[in-house]
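Values reported hereafter were calculated over all heavy atoms of this structure, with side chains retained and with hydrogens, waters and symmetry mates removed.
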Amino acid sequence: MTTPRLASATLLLLLAGQAAPAQDPAPAPAPTEAKAQAPKAAGPVKEEGGFTEPRRGDVPEGAAEQVTPEADQAINSGLAWLAKQQNADGSFGSGAYRGSIAVTSLAGLAFMGNGSSPGRGPFGTHVDKALQYIMDNTDPRSGFIAVPNAATHGPMYSHGFGALFLAEAYGMSRRPELREKLAKSIRLIIDTQNKEGGWRYQPVRNDADISVTICQINALRAARNAGLYVPKETVDGCIRYVKQAQNPDGGFRYMSQSGPSAFPRSAAGVVALYSAAVYDAKEVDQGISYLKQFMPEIKFGQRYNHYFYGHYYAAQAMWIRGGEDWNVWFPAIRDELIRRQLPGGYWQESGVCNEYGTAMALIIMQMPNNYLPIFQR
């Protein structure tokens with residue numbers, strides 16, 4: 001059985017596109033001009049296939065005011081710093097994570113969360129360049145999103161984030177070249193779901209884990225929101241797998257077999273159910289209750305691994321939950337992220353790279369903007 005420490009180390013290697021051990025893981029101006037209004041997905045799409053459960057509720061009351069002047073200043077400086085880090089080929093990431101599909105995709109989502117979209121807004125050019133990098137590394141036949149010849153043990157992590165980025169960009173722009181790449185990448189996800197209902201490191205139907213599974217179901221949900229078909233049996237299988245991975249304490253273990261609960265993967269588990277359109281179920285209620293136990297520890301985030309990863313999913317869970325849970329959770333993590341921002345405008349993530357931590361922090365802090373289609377209510 002894999003220890004939490006070993007699982008943490010493996011996930012970092014996977015995001016980098018480096019080989020991991022075969023065990024279980026766990027130049028742009030400052031944006032001083034007004035935010036561009038990002039176009040929402042063009043028109044409602046008829047529900048077919050999966051995701052037919054009742055919709056999430058309205059935007060939490062007063063959400064716009066939760067982006068305080070202090071938060072807005074932190075966001076603007078963070079976006080300006082991140083924009084300057086884009087590599088010549090359009091990618092993001094540094095050190096061992098240079099050119100990471102996952103980091104590049106998260107950076108693109110961070111710009112889109114501010115209201116920019118492909119070719120539009122203060123960071124439209126940066127989004128375009130990042131998209132081109134993702135498309136250049138999408139196999140034209142299989143749809144697999146991976147950097148060629150990169151030594152990797154678990155490329156489905158990056159594939160899931162890359163497909164999510166393509167889906168969100170297509171939902172905002174309706175560019176046909178994006179749809180072609182997106183459709184193939186989504187088909188690969190559908191075709192590689194294992195018999196348990198989840199996904200793992202490689203694009204093959206072997207075992208599964210919560211961390212890889214959430215990446216795939218989020219991409220499927222975003223693609224469905226943009227109008228692509230996703231089979232009902234794919235969604236049902238994912239729901240079955242995630243529910244089986246829940247512990248009696250409401251948290252989620254790494255795999256469907258026995259294992260301890262932990263904050264990051266439990267946040268991912270709740271969002272996986274939400275992304276599969278399970279909004280009202282005891283598993284969701286229990287998962288939210290488990291996450292709320294960590295409210296006193298927000299200021300001590302280094303007590304568990306994957307600080308930004310965990311809060312990226314926890315903020316999504318509370319945003320979809322809405323109500324008092326969101327109104328209590330978001331100001332706490334918002335203010336803590338403001339406190340943790342460094343003078344250059346970035347957030348430090350020593351385990352991965354600062355581009356990763358900054359992109360994650362920006363996505364969290366901009367959630368009340370309601371710009372990204374997958375977060376739109």
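- At least one donor-acceptor pair under 3.5 Å links the side chain of Q86 to the backbone N or O of H126.
- Between M318 and I288, the closest side-chain pair of non-hydrogen atoms falls below 4.5 Å.
- Residues L220 and I190 meet the side-chain proximity criterion, which asks for heavy atoms closer than 4.5 Å.
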Worked verdict on N87 versus S91 for side-chain hydrogen bond (donor to acceptor under 3.5 Å, both in side chains): CA-CA 5 Å; N87 299 314; S91 70; 3.0 Å; yes
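- Minimum interatomic distance between S117 and M172 (heavy atoms only, all atoms of both residues): CB-SD, 3.7 Å.
- If you take CD1 on I189 and OG1 on T213, they are separated by 11.0 Å, rounding to the nearest 0.5 Å.
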For the pair L372 and Q366, evaluate side-chain contact (heavy atoms from CB on, under 4.5 Å) and give the outcome as yes or no after the intermediate values. CA-CA 9 Å; L372 284 169; Q366 296 178 110; over 6 Å; no
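- Residues L82 and W347 fail the side-chain proximity criterion, which asks for heavy atoms closer than 4.5 Å.
- A donor-acceptor contact shorter than 3.5 Å links the side chain of S266 to the backbone of F252.
- To the nearest 0.5 angstrom, S105 atom OG is 7.0 Å from I145 atom CD1.
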I363 and F375: side-chain contact (heavy atoms from CB on, under 4.5 Å), yes or no, with the steps? CA-CA 10 Å; I363 293 171; F375 299 148; 3.9 Å; yes
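- Taking 4.0 Å as the cut-off between side-chain N and carboxylate O, R120 and D128 do not count as a salt-bridged pair.
- Of the possible polar contacts, none joining the R221 side chain to the L164 backbone as a donor-acceptor pair under 3.5 Å is found.
- Remark: the backbone N or O of M156 is paired with a side-chain donor or acceptor of Q216 at under 3.5 angstrom.
- Ring centroid separation for the pair F263 and H306 does not come in under the 6.0 Å cut-off.
- Salt bridge status for D89 with R98: absent, with no side-chain N to carboxylate O gap under 4.0 Å.
- Ring centroids of Y290 and F294 are separated by less than 6.0 Å, placing the two rings close together.
- A donor and an acceptor atom, one from each side chain of Q85 and S94, are nowhere located under 3.5 Å apart.
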I would like to know whether Y170 and E177 meet side-chain contact (heavy atoms from CB on, under 4.5 Å); could you show each step before the answer? CA-CA 9 Å; Y170 175 67; E177 69 273 18; over 6 Å; no
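- The CG atom of L79 sits 5.0 Å away from atom CG of N114, with the distance rounded to the nearest 0.5 Å.
- Not one N or O on the side chain of Q348 forms a donor-acceptor pair closer than 3.5 Å with the backbone of L342.
- Interatomic distance, CZ of F165 versus CG of L106, reported as 9.5 Å (0.5 Å rounding).
- Remark: side-chain polar atoms of E283 are not paired, donor with acceptor, to backbone N or O of K243 under 3.5 angstrom.
- Contact annotation: the side chain of R179 approaches that of L228 to within less than 4.5 Å [non-hydrogen atoms, C-beta and beyond].
- Relative ring orientation between F111 and F92 is described as tilted, the plane-to-plane angle lying within the 30° to 60° band.
- Put simply, the side chain of V284 reaches to within 4.5 Å of the side chain of R321, judged on heavy atoms.
- With 3.5 Å as the limit, one finds a donor-acceptor pair spanning the side chains of S211 and Y309.
- Between N225 and E168, the side chains place no donor N or O within less than 3.5 Å of an acceptor N or O (distance only, hydrogens not considered).
- The shortest heavy-atom contact between F161 and C215 is CE1-SG, 3.7 Å.
- Put simply, the residue from F330, Y313, W326 that forms a ring-ring contact (aromatic ring centres under 6.0 Å, His included) with W319 is W326.
- Taking all atoms of both residues into account, the shortest heavy-atom contact from A276 to V235 is O-CG1, 3.6 Å.
- One distance of note links CG of L362 with CG of L109; it measures 11.5 Å at 0.5 Å rounding.
- F308 and M295 end up in the same hydrophobic cluster when Ile, Leu, Val, Met, Phe, Trp and Tyr side chains are linked at under 4.5 Å.
- Q341 places none of its side-chain heavy atoms less than 4.5 Å from the side chain of Y346.
- When side chains are defined from C-beta on, R187 does not count as touching Y229, because their heavy atoms never get closer than 4.5 Å.
- To the nearest 0.5 Å, atoms CD (Q316) and CE (M367) are separated by 5.0 Å.
- Remark: side-chain polar atoms of N354 are paired, donor with acceptor, to backbone N or O of E349 under 3.5 angstrom.
- Here the side chains of E70 and Q73 are not in contact, with every heavy-atom distance at 4.5 Å or above.
- Panel note: side chain D249, backbone G251; a donor-acceptor pair is recorded below 3.5 Å.
- In this structure, the side chain of Q66 does not engage the main chain of P331 through any donor-acceptor pair within 3.5 Å.
- Taking each heavy atom of P118 and L131 in turn, the nearest pair found is CG-CD1, 3.6 Å.
- Put simply, the side chain of H159 gets close to the backbone of S185: a donor and an acceptor are under 3.5 Å apart.
- Tracing side-chain contacts under 4.5 Å through hydrophobic residues (I, L, V, M, F, W, Y), one reaches V67 starting from V328; they form part of the same cluster.
- Across all their heavy atoms, R200 and Y254 have their closest contact at NH2-CE2, 4.0 Å.
- Residues S100 and T104 come closest through the heavy atom pair O-OG1, 2.8 Å.
- Heavy-atom contacts from other residues, nucleotides or ligands closer than 6.0 Å to CD of Q257 number more than 12.
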